[in-house]
Amino acid sequence: MNRRHAVLGLALAASLALAPAAKAAGPDTVYLDTKDGRVTIELRSDLAPKHVKQLKTLINQGFYNGLKFHRVIDGFMAQTGDPKGNGTGGSKLPDIPAEFSQAPFLRGTVGMARSGNPNSANSQFFICLGPASFLDGQYTVVGVVTDGMNVIDKVKKGSKSDNGAVQDPDKIVKMQMAEKAN
Amino acid sequence: MPLAERPAEAADTLAALYPALAACWQPPEGAGDAGVEVTARFSLRRDGSLIAAPRIVFTAGVSGEGRRRLARATLAALRACTPARITPDLGRAIAGRPIALRLVQRRRAP
């Protein structure tokens, strides 16, 4: 092997060593597909077991398939999970008692939307597009995006002057538990 | 109970009557970023029909023209959902008595 091949081989080995090891799909891994690709979310059942249990139930029912990203604010978050598509809806399952934690809201954090009542989370969730420390301890953290934030970045934005309401919004094509993925 | 699901059977209790009356209510689009609340006061006859026009006695989450639109939508909804399907027993119990119906739409958000 000549020196050029050796250098290329070493460079490839180094890049492979530095690349984060892909996490194997586990029982808390979710695939969220949009028209632009796949987002991988790791649910935090350690932080919010009741919320995660409800999310898994809804995901396995296909509840989220086709739902809109109805409220998206650039630099803040993309919100979805409402069958009514306007922020007022939820599922037939009951609202979930708050499971606030010390986990911060950073870019990629997945949180549960709620009304003024802390115990009103149901099905709507949001993915942070940037840090949102003003949400810390006020909303339930349910997961984190581990892959595919570039896909979330492409979700159609709404107008800040209209509280992020999106005209002709993008949708969740399919949301499924990774272990059952096809 | 989701507002849109109108019970199929005649209401025999107030708890069954309220969702039947609320089933036609849909706040106007854009009515309040955080959601809205409205209370209407009215009376029903034994057959579930309205005695005179309901009065809007409380609103929250809206002001000015938004409040007027919400009030109009609420009054229209009550007209659409009456006469309410109620049993004779319930009709006898509530006829002519004031009813205060509180309708709440909450938006979920961060």
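Hydrogens, waters and symmetry mates are skipped; everything else that's a heavy atom, side chains included, is used. The chains referred to below are lettered A, B, ... by the order of the sequence lines, with proteins before strands, and numbering in each begins at 1.
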Heavy-atom contact with chain B under 4.5 Å, split by part of [X]:
| X | value |
| --- | --- |
| A/Phe76 | side chain |
| A/Asn86 | both |
| A/Asp82 | neither |

Sub-6.0 Å ring centroid separation between A/Phe69 and A/Phe126 |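 They do not qualify: ring centres at least 6.0 Å apart.
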Centroid-to-centroid, A/Phe134 to A/Phe105, below 6.0 Å?
->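 No: the rings miss the under 6.0 Å criterion.
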Does the ring of A/Tyr139 carry A/Arg114 above it, NZ/CZ under 6.0 angstrom from centre and within 45° of its axis?
->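 Output yes; distance and angle both within limits.
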Hey, are the side chains of A/Met177 and A/Asp28 touching, using non-hydrogen atoms and a 4.5 Å cut-off?
->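 A side-chain contact under 4.5 Å is absent here.
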